[in-house]
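Below: one structure, written as structure tokens.
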Amino acid sequence: MKQDTNQLRMTAYASLMAALTAVGAYIAIPIGPVPIVLQNLFVFLAGLLLGRKWGTIAIATYLLAGVCGLPVFASGKGGIGHIIGPTGGYLIGYLPAVIFIGALAEKGKGRPFFDLTGMLIGTAAIYGLGVPWLKLVTHMSFSKAFALGMYPFLLGDAIKIAVAIPLARKLRPMVAKN
Amino acid sequence: MSDDIIIEVQHLSHRFSNGAMGVDNVSLCIREGAFVIMAGPNGSGKTTLLRHLNGLMMPSAGTVAIKGVPVKGNLLRARRMVGMVFQDADSQIVGETVREDVAFGPGNLGLEAAVVDRRTDRALEKVGLPHKADVSPHLLSGGEKRRLAIAGVLSMQPEIILFDEPFSNLDYPGICQVVEQMKALKIDGHTIVVTSHDMDPVIGLADSLVILDKGRIVREGEPSRVAAEAAAFGIRPPAAFMQKEAG
Amino acid sequence: MSDDIIIEVQHLSHRFSNGAMGVDNVSLCIREGAFVIMAGPNGSGKTTLLRHLNGLMMPSAGTVAIKGVPVKGNLLRARRMVGMVFQDADSQIVGETVREDVAFGPGNLGLEAAVVDRRTDRALEKVGLPHKADVSPHLLSGGEKRRLAIAGVLSMQPEIILFDEPFSNLDYPGICQVVEQMKALKIDGHTIVVTSHDMDPVIGLADSLVILDKGRIVREGEPSRVAAEAAAFGIRPPAAFMQKEAG
Amino acid sequence: MGSVSAFEYQAGGTMAHTLDTRFKLVLMALVSITVLNASAWALLVMSCMLVVLCWNIRLPLLLAVKELRYFFLLLLMVFAARVLSTPGEPLVQIWFLEIGKKGLVEGAIVCWRLLLVVVLGLVLISTTRVGDIKQSVAWFFRPVPGVPEKRVATMLGLIVRFIPVIFKKAGEVTAAQQARCIGRRKNPFFRLKAFTIPLLRGIFRDAGNLAMAMEARCYSEHGIRTTASATPSDWIMLTAGSGLCLVTFFL
Ligand SMILES: Nc1ncnc2c1ncn2[C@@H]1O[C@H](COP(=O)(O)OP(=O)(O)OP(=O)(O)O)[C@@H](O)[C@H]1O
Ligand SMILES: Nc1ncnc2c1ncn2[C@@H]1O[C@H](COP(=O)(O)OP(=O)(O)OP(=O)(O)O)[C@@H](O)[C@H]1O
Ligand SMILES: O=C(O)CCCC[C@@H]1SC[C@@H]2NC(=O)N[C@@H]21
Ligand SMILES: [Mg+2]
Ligand SMILES: [Mg+2]
């Protein structure tokens, strides 16, 4: 039963991280076919705060909510069509990203080096899926896909990673309580 | 109020993970049908004690029994028998509509759909919210939200109902509505435990007043007798008693 | 209290995006050094009105002026002159330690580090929290959190201080502490506006009582005179007055 | 403030409202995939039907345009990228940019497809209760091993519940900080940190409280029904819809 209690609390936290990811997607700045979002910051935090298992559950449920048509993707869109659309690759990429980040964070037990490494690998996974997908769907050349789907975001993503580390340090005690 | 003891707390202690003692060696018996006020300054352990009565928290030492059956090991029974209205009305809303929220508890008990519906309707009627059944709970006023929380508990048909600070942030009509509700529940035979910094609205209903301080029970007994000593423990004495003294 | 008007609200209306009128054609003058209580049932627009005084919300129609200067267009001035203690003490905690939290406001004003430190120390002393300076704010009790919030406002040295439901969830010693604080601020010459469902603790300090209902001012004037009519507007009449009637 | 999107469930009794949600979701997926591969003629047919549907459910048009304003920008970008990157005989040439007929046509079609898919999403959310989506998802996952379908349904419900809470809390934290003159700070790192930590602390506390309140009301997975039954008219709609998709696929 103690186990159960904890499970329900983690379920609530995972849903909360998914909701935060949705809010981070809602605040999207359109600069081209791919917008600047805060979504991936919360993907990072889901892994860092909840660990591999619950982080993955959070992001998987987030994607499912979007697939079912709930307005949780960039600028409040949803539906399976959005996943098949130009930015679908990033969305799928969040899954391996959160798995890496969560696994490394668990291993590192809060040491920033592990968190940082996890987020770098995770970001690589997001672009690894996102950019080719963008090329495929919009039939751009690779150089164009990189120019529109990766370079403009690198600085922003670096800031998000830099912010995620102290945030995780401050918030971990709250999540780990009991 | 009968003579049967419905809640029995024995030598209950709760130590938090940081070492602080939330509740410290508390023993308390509550009789069936009684209306108990639990008072005490901020941080005296009221919420912590209440949460042991339905097994939301587990004791570090001591036991709690409901009708003679220990809470530990019979959690589901305890939660069905002991309903709890939380302080923050917003954070306990689960449903998307008022009706759905009230149906949450009985739905969890695995009852048949028809039974759930009947209980939901009855609970909504009791708190006077049937006309709001299909409204989103977040659109309700403060007093209505609190009544919704009560309905959500009533639909589980508990014998005991715990109220944690039921009057906070409520206006006067809201307080009166909640007090009326409590009065009706008492007449129906429910056992009621209320924590509040403001005893005024309920002191007239109470059979017993318990004063907590630093996790311990420091006074317990007849409201009129105990209330006179309340000020010594940092509790605002009810106006009714100040009046008596003044008059 | 001087005769100069420090806050002047003229024909203020606020319409929310869903069309609801939070405040509806309100006009109000507050004199320098006055202590004003704003009462009214849930949803009567108290919080909405307060938030116009320091430009956290902008009117749909009408104007607010502080010492003759409109709030609109001089937002930073208004926020420096008008401090606000929010109802939910937790959501306004910013710092990792008590000291850091108190220093947040003056730090934002771009003052020199030495000045910030001096102001922080003074504010901590005024509310009696210097011994907790290095503690995490989240470990404070309810009463201490509220005093911390007051310190965070004091350190900005505003002339006007707004309190939104300062007594909710506070125990009796906590209420007394906050009232003492208000008394000291009043003596120092600050203008104070308080909203509260429970007027008891502050009715003795007040120079004026304003009753709001459905976004409009329905009564305004001498506390003793207006309080007698309070019950008609769903406001709990202060015990002091009930006593008089009873006695 | 409130919900993520200006679009919310609008009560109604049209066919789009009463169709079994499971069927709606399947049809949505089918139509989305079809649309993304459809030719211009097929798109025309689909669009006409969608217009009739939107009119039928009284989709608030003005709100839709407002909601989609950023999306139109995105469409413009996609259009430009497509036009400029499609090889073909140039119609106009501006400096080194070549605009060809083939590019214009293809760009238009791509944008048209994306627009249809998005409008379809709006139709779905304005005719379907979240509770029904939750229940249908639980039903779909029932036969899938390893997925606790009821917990998934609970989580979907919680996500929808938390989103407005996050906005509300964010508003409160912003107000509290503005009242203390945060507006004077220009450093974005400082502001981001000052804002995010209290916000996340607050909502994690709320989420913990909610979990406790659910537990006090005996949270169990009995509470979610995974049974559902379809009416003959649901089946007719599904058959008609998928038939149409099949036809347009070859059009
Ligand atoms: N999770 C926790 N970890 C550590 N200490 C805690 C925790 N929760 C509560 N406490 C401490 O336990 C004590 C009792 O807290 P409790 O919330 O029961 O008080 P209360 O009487 O309900 O106060 P209030 O009137 O403010 O609601 C307090 O000192 C509090 O700081
Ligand atoms: N963001 C908002 N959007 C729409 N309506 C709102 C919003 N905020 C408040 N309201 C409405 O405006 C009215 C005034 O609200 P306000 O918070 O000012 O009341 P209050 O007097 O402070 O109530 P309380 O005593 O409960 O704190 C209420 O009816 C409320 O529902
Ligand atoms: O459509 C969506 O919901 C997904 C948008 C993906 C945006 C990507 S994520 C990595 C990169 N960083 C950003 O800020 N935006 C892009
Ligand atoms: Mg408490
Ligand atoms: Mg208010």
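Proteins come first, then strands; the chains are lettered A, B, ... in the order of their sequence lines, and each starts at number 1. Fair warning: this is a prediction, and the values are worked out from it, not measured in the lab.
Looking at Thr174(D) and Leu199(D), their side chains never come closer than 4.5 Å, going by heavy atoms from C-beta outward. Proximity of Thr138(A) to Leu148(A): side-chain heavy atoms (C-beta onward) are nowhere separated by under 4.5 Å. A heavy-atom distance below 4.5 Å is found between the side chains of Tyr127(A) and Phe153(A). Contact check for Leu76(D) versus Phe72(D): no side-chain heavy atoms found under the 4.5 Å cut-off.
At least one donor-acceptor pair under 3.5 Å links the side chain of Lys24(D) to the backbone N or O of Ala16(D).
Leu25(D) touches chain A through its side chain: at least one heavy atom from C-beta onward sits under 4.5 Å away, while N, CA, C and O do not. Contacts of Ile203(D) with chain A are made by both backbone and side-chain atoms, with heavy-atom separations under 4.5 Å. For Val160(D), the part sitting under 4.5 Å from any heavy atom of chain A is the side chain, from C-beta outward, and nothing else. Residue Leu171(A) touches chain D through its side chain alone, counting heavy-atom pairs closer than 4.5 Å. If you measure heavy-atom distances from Val110(D) to chain A, you find no contacts under 4.5 Å at all. In this structure, the portion of Pro86(A) lying under 4.5 Å from any heavy atom of chain D is its side chain and not its backbone. Residue Met10(A): no heavy atom, backbone or side chain, is found under 4.5 Å from chain D. Residue contact with chain D, scored on non-hydrogen atoms closer than 4.5 Å, involves the backbone and the side chain of Ala14(A) alike. The contact between Leu49(A) and chain D is made entirely by side chain atoms (from C-beta outward), counting heavy-atom distances below 4.5 Å. Neither the backbone nor the side chain of Phe79(D) comes within contact range of chain A; no heavy atom of the residue lies under 4.5 Å from a heavy atom of that chain. Residue contact with chain A, scored on non-hydrogen atoms closer than 4.5 Å, involves the backbone and the side chain of Arg205(D) alike. Within the 4.5 angstrom heavy-atom criterion, only side-chain atoms of Ile133(D), from C-beta onward, approach chain A.
Applying the 6.0 Å contact sphere to NZ of Lys107(A) captures no more than 12 heavy atoms from other residues, nucleotides or ligands. Taking a 6.0 Å sphere around CZ of Arg52(A), one finds it holds 12 or fewer heavy atoms contributed by other residues, nucleotides or ligands.
Taking the six-membered ring for Trp and the full ring otherwise, the centers of Phe44(A) and Phe100(A) sit at least 6.0 Å from each other.
A salt bridge is defined here as a Lys NZ or Arg NE, NH1 or NH2 lying under 4.0 Å from an Asp or Glu carboxylate O, and Lys168(D) with Asp206(D) fails to meet this definition.
Comparing Met28(D), Arg161(D), Arg201(D) by how many heavy-atom pairs each has under 4.5 Å with chain A, the most go to Arg201(D). The candidate from Ala207(D), Gly157(D), Ser136(D) with the greatest count of non-hydrogen atom pairs under 4.5 Å with chain A is Ala207(D). Put simply, of Leu124(D), Leu200(D), Thr196(D), Leu210(D), the one with the most heavy-atom pairs under 4.5 Å next to chain A is Leu200(D). When the candidates Leu70(A), Val137(A), Leu45(A), Leu167(A) are compared by the number of heavy-atom contacts under 4.5 Å with chain D, Leu167(A) comes out ahead. Per-residue heavy-atom pair counts under 4.5 Å with chain D were compared for Leu16(A), Thr11(A), Ile80(A), and the maximum is reached by Leu16(A). When each of Ala12(A), Pro166(A), Ser15(A) is scored by its heavy-atom pairs under 4.5 Å with chain D, the top score falls to Ser15(A).
Considering every non-hydrogen atom in both Ala18(A) and Ile159(D), the closest pair reads CB-CD1, 3.5 Å.
When only modelled atom types and interatomic distance are considered, Thr21(A) and Tyr94(A) share no side-chain donor-acceptor pair under 3.5 Å.
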